[in-house]
Amino acid sequence: MMQFMLLFSRQGKLRLQKWYVPLSDKEKKKITRELVQTVLARKPKMCSFLEWRDLKIVYKRYASLYFCCAIEDQDNELITLEIIHRYVELLDKYFGSVCELDIIFNFEKAYFILDEFLLGGEAQETSKKNVLKAIEQADLLQESRGM
Amino acid sequence: MPAPIRLRELIRTIRTARTQAEEREMIQKECAAIRSSFREEDNTYRCRNVAKLLYMHMLGYPAHFGQLECLKLIASQKFTDKRIGYLGAMLLLDERQDVHLLMTNCIKNDLNHSTQYVQGLALCTLGCMGSSEMCRDLAGEVEKLLKTSNSYLRKKAALCAVHVIRKVPELMEMFLPATKNLLSEKNHGVLHTSVVLLTEMCERSPDMLAHFRKNEKLVPQLVRILKNLIMSGYSPEHDVSGISDPFLQVRILRLLRILGKNDDDSSEAMNDILAQVATNTETSKNVGNAILYETVLTIMDIKSESGLRVLAINILGRFLLNNDKNIRYVALTSLLKTVQTDHNAVQRHRSTIVDCLKDLDVSIKRRAMELSFALVNGNNIRGMMKELLYFLDSCDPEFKADCASGVFLAAEKYAPSKRWHIDTIMRVLTTAGSYVRDDSVPNLIQLITNSVEMHAYTVQRLYKALLDDISQQPLVQVASWCIGEYGDLLVSGQCEEEEPIQVTEDEVLDVLEGLLVSNLSTPVTRGYALTAIMKLSTRFSSVNRIKKVVSIYGSSIDVELQQRAVEYNALFKKYDHMRSALLERMPIMEKTASNGPTEIVQTNGETEPSVVEPKHPPPVTLPTNQGTDLLDLLGGNDMALAIPNTVPTKPASAGGELLDLLGDLSLSGGPAPTPAPSVPTSQPSFLLDGLSSQPLFNDIAAAGIPPIIAYNKNGLKIDFTFERANPNPNIAVITIHASNTTETDMTDFVFQAAVPKTFQLQLLSPSSNVVPALNQGTVTQVIRVLNPQKQQLRMRIKLTYTHRGSAVQDLAEVNNFPPQSWQ
């Protein structure tokens with residue numbers, strides 16, 4: 001399973017943090033700080049995987065944002081890259097050519113989309129269409145009166 | 001009270017802050033406003049306020065005062081409130097705080113809500129951060145939802161069940177009935193999450209695994225689904241670069257791996273589909289390679305046919321040539337896992353692997369290095385070593401130690417000739433000399449000693465290397481030792497392998513003295529240098545110069561050097577007649593076990609080398625070499641003592657007197673306290689850890705010879721235990737155990753023994769020289785006595801130690817040896 005996913009900018013500012021393992025706030029901060037530092041120090045020629053503590057870190061940069069996932073030993077690194085890519089595609093479809101600002105100003109929506117795609121560190125829906133449909137319906141529910 | 005500002009408004013405002021202080025001020029102001037709003041129990045704007053709080057939390061500011069508000073939002077009827085409330089719960093609530101339990105009832109209600117999106121929120125929250133208590137309370141609800149026909153809920157319930165099982169494994173059983181027809185679903189979301197659930201169950205419980213294999217016939221079902229995915233035409237909904245639902249394919253392959261492991265029938269049933277996936281999957285994009293990667297892992301883990309295995313390795317070989325560095329990395333990792341089992345297949349890709357040594361990525365380089373060492377064998381040693389030495393020259397410092405150790409190990413195993421071996425070692429020492437592990441030094445010295453015909457060549461090369469550079473300590477240490485041993489060969493200019501150099505005794509002594517004074521030399525190195533100079537006193541004619549050097553260091557502030565110098569001085573003066581025997585050439589050393597201190601062991605990508613276990617099984621089975629018995633018993637991972645066969649043949653003039661008077665000198669030739677690698681004391685911790693564990697010896701002694709109390713005075717008690725585990729009945733192995741019943745430690749404890757002329761004595765190094773107070777520990781030391789004439793054993797012992805601030809010395813005779821110890 002994925003243990004956590006972090007999104008951060010090139011300056012190291014956190015844009016999204018999803019944790020699938022219970023950790024204290026302090027531990028989360030420490031891990032985030034360490035990982036952000038490590039990933040930002042990587043050169044472009046290096047591969048997208050690194051070993052960190054007992055986890056495998058898979059990261060990819062899309063424009064100004066780094067998408068960084070921590071997976072366990074049994075997990076497939078290459079398919080995790082596809083998971084990251086799928087999430088970016090979902091954001092892109094939802095926001096229409098998504099950029100970092102969209103995620104900054106609509107962070108709660110970014111979480112809602114992620115929560116329709118992944119659950120407990122695993123993918124719950126492999127169809128792009130179905131994820132977007134669910135989000136659309138939920139958004140409608142939010143707007144309608146009484147709910 | 002004006003309406004609280006909107007979320008986006010706040011974000012915009014905060015982003016205008018130019019300094020950290022300005023931002024902090026804004027945040028504090030807003031937090032205060034939010035707090036008062038919370039206090040007013042404002043329902044309308046609670047959602048907005050919590051959302052703002054979540055934003056500030058992401059920036060790193062404390063937001064715990066919003067926790068209860070999240071709970072209120074979850075309990076609200078409005079969907080908007082619930083959405084933000086659950087999000088807040090997942091971000092702010094912690095299963096370690098009891099407050100999270102207040103969520104349980106809300107979640108329970110929401111799991112039964114009429115709107116599926118509300119149910120979805122509840123399932124998601126439970127599946128992401130549900131604590132064990134919550135899981136226990138709500139497992140029933142989850143199980144119910146696992147059986148629903150609503151695929152939107154069913155897929156979420158499946159992953160929620162996975163989380164419940166992870167948190168409370170005992171609950172796994174209750175989900176079993178619901179899994180019955182999960183795989184007959186058409187919906188890919190349900191299929192994917194079901195496979196994840198089945199994987200979790202099979203991984204956790206061997207019973208479940210057996211059940212799913214036999215009763216549920218899981219393998220055929222999975223094979224069918226996988227086949228459909230591959231064979232079915234284009235499906236726009238699940239297509240990724242021409243491949244249909246790669247996520248599902250990968251999870252199925254992973255579940256198949258678990259089902260097929262160690263099970264012939266299952267492995268056979270999946271053979272065809274694996275071959276199909278392996279050959280038909282498109283490799284131009286990452287997706288295809290992700291599937292191939294998983295396939296390879298599965299093939300290697302199950303009981304697949306050899307043809308399939310070769311196919312898998314070849315896929316990895318192709319991966320190695322891929323332009324994408326991620327693919328290369330993954331290939332190297334997988335090859336590292338399989339190199340032990342499918343060695344020959346991996347060998348075929350050796351040249352590609354070696355090329356990866358030049359990759360720019362650190363992780364790739366490391367894996368390539370480990371794999372390269374794993375592939376070295378007698379046939380490719382020359383070529384591989386060339387590449388690896390080149391790598392050693394140019395790699396980052398973090399690799400050098402491991403690479404150097406790996407080179408030594410490989411050279412030891414497969415060296416085609418002694419000269420090549422020595423040259424390789426020289427190369428490593430000169431290029432990565434400061435990164436070589438300290439314990440390689442004794443190993444190298446042993447190797448050099450044993451390559452008798454290469455002594456002249458070796459010492460010449462080492463001498464030349466010293467002239468160039470004295471900064472690399474391991475090189476300097478090995479070189480000093482060699483010059484000390486073979487200095488005579490050096491000055492006599494008798495080298496067959498290469499052009500002999502002309503060097504005088506004075507030049508050699510200049511170099512060694514230079515080491516003593518250089519700032520670059522560590523204390524250990526200085527010790528080597530001084531000993532080397534001393535040894536040359538029997539090999540060179542310029543004894544006076546040596547005497548002078550030695551006496552100068554008699555007042556060195558370095559205690560070690562001082563002690564050596566003083567003792568060497570004593571050798572010149574009082575014991576000059578023994579000097580030549582003491583400083584004789586070292587005999588060939590036997591090895592008990594592989595001396596490589598590290599072997600690079602691949603462990604799923606972990607890069608730390610691990611210590612090699614001694615190749616020979618510890619204790620009982622004894623090698624023919626009796627002298628190494630002792631060290632074997634200790635799982636000795638250091639060199640053995642040289643003596644055994646040479647013991648009886650030592651010329652009497654050198655042996656007899658020497659040992660009578662100075663029983664604490666070992667036969668191998670160097671003065672006792674030197675940590676020169678010729679004596680195992682260079683690794684005191686290994687050797688003597690074993691020695692000081694009494695039970696081991698008591699067991700052996702139980703072979704019939706009773707122990708005795710040799711000395712018991714003033715609180716110091718010395719027991720002798722005996723052992724005759726070795727084939728030579730003329731050698732008695734005695735272990736002394738010194739214990740101290742007083743309340744203060746006895747420090748600087750030295751035990752010396754002397755025996756009558758017809759015996760020969762060898763005293764190995766003690767475990768320590770502090771006898772702890774109040775019997776808290778013992779000092780042990782081994783004495784070996786050769787008694788060819790089977791005379792009654794008598795021994796005179798001399799004890800010196802410091803106790804309560806004053807030096808104590810005592811002499812005693814031990815006459816109560818049991819007859820079995822000398823008969």
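A note on names: the letters A, B, ... follow the listed sequences, proteins ahead of strands, and every chain is numbered from 1.
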Would B:Q249 and A:I79 count as a side-chain contact (heavy atoms from CB on, under 4.5 Å) if you check the C-alpha gap in whole Å, the side-chain angles of each, and the deciding distance to 0.1 Å?
CA-CA 10 Å; B:Q249 288 195 37; A:I79 207 76; over 6 Å; no
Test side-chain contact (heavy atoms from CB on, under 4.5 Å) on A:F105 and B:R12 and set out the steps.
CA-CA 8 Å; A:F105 279 94; B:R12 207 168 304 138; 4.1 Å; yes
Working note: B:F79 + A:L140, criterion side-chain contact (heavy atoms from CB on, under 4.5 Å); need CA distance, chi angles, decisive distance, verdict.
CA-CA 10 Å; B:F79 183 67; A:L140 279 175; over 6 Å; no
Could you please spell out the steps behind the side-chain contact (heavy atoms from CB on, under 4.5 Å) verdict for B:K325 and A:M46?
CA-CA 7 Å; B:K325 46 195 152 15; A:M46 294 176 143; 5.7 Å; no
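A salt bridge links A:E122 to B:R166: one of the charged nitrogens lies within less than 4.0 Å of a carboxylate oxygen. Here A:E116 pairs with B:K156 in a salt bridge; the nearest charged N to carboxylate O distance falls below 4.0 Å. The pair A:K45-B:D359 does not count as a salt bridge, with every side-chain nitrogen at least 4.0 angstrom from each carboxylate oxygen. Checked for salt-bridge contact, B:R254 and A:D75 meet the test: a charged N lies under 4.0 Å from a carboxylate O.
The part of B:L87 that comes within reach of chain A is its side chain, from C-beta onward, which places non-hydrogen atoms under 4.5 angstrom from that chain. In this structure, chain B has a heavy atom under 4.5 Å from the side chain of A:K18, while its backbone stays farther away. Only the side chain of A:L101 comes within contact range of chain B, with at least one heavy atom under 4.5 Å from a heavy atom of that chain. With a 4.5 Å cut-off on non-hydrogen atoms, A:S24 touches chain B through its backbone and its side chain both. Contacts between B:Y55 and chain A at a heavy-atom distance below 4.5 Å involve backbone atoms as well as side-chain atoms. Residue contact with chain A, scored on non-hydrogen atoms closer than 4.5 Å, involves the side chain of B:D245 exclusively. Within the 4.5 angstrom heavy-atom criterion, only side-chain atoms of B:V250, from C-beta onward, approach chain A. Looking at B:E237, both its backbone and its side chain come within 4.5 Å of chain A, counting heavy atoms on both sides. Of the two parts of B:R83, the backbone and the side chain both hold a non-hydrogen atom closer than 4.5 Å to a non-hydrogen atom of chain A. Of the two parts of B:N289, the backbone and the side chain both hold a non-hydrogen atom closer than 4.5 Å to a non-hydrogen atom of chain A. Only the side chain of A:N130 comes within less than 4.5 Å of a heavy atom of chain B; its backbone N, CA, C and O stay farther away.
A donor-acceptor pair under 3.5 Å is formed between the side chain of B:D361 and the backbone N or O of A:C47. Judged by distance alone, with hydrogens and angles left aside, the side-chain atoms of B:H192 form no donor-acceptor pair with the main-chain N or O of A:T126 at under 3.5 Å.
Ranking B:H64, B:R328, B:R251 against chain A, the residue ahead of the rest is B:R251, based on heavy-atom pairs under 4.5 Å.
For the 3.5 Å distance criterion, the side chains of A:Q124 and B:T193 fail to qualify, holding no donor opposite an acceptor. B:Y293 and A:E77 share a side-chain donor-acceptor pair at under 3.5 Å.
The aromatic rings of A:F49 and B:Y329 sit tilted, their planes meeting at an angle between 30° and 60°.
Counting only heavy atoms from C-beta outward, the side chains of B:L54 and A:F107 approach each other to under 4.5 Å.
Residue B:V240 forms a side-chain contact (heavy atoms from CB on, under 4.5 Å) with just one option from A:R86, A:H85, A:E89, and that option is A:R86.
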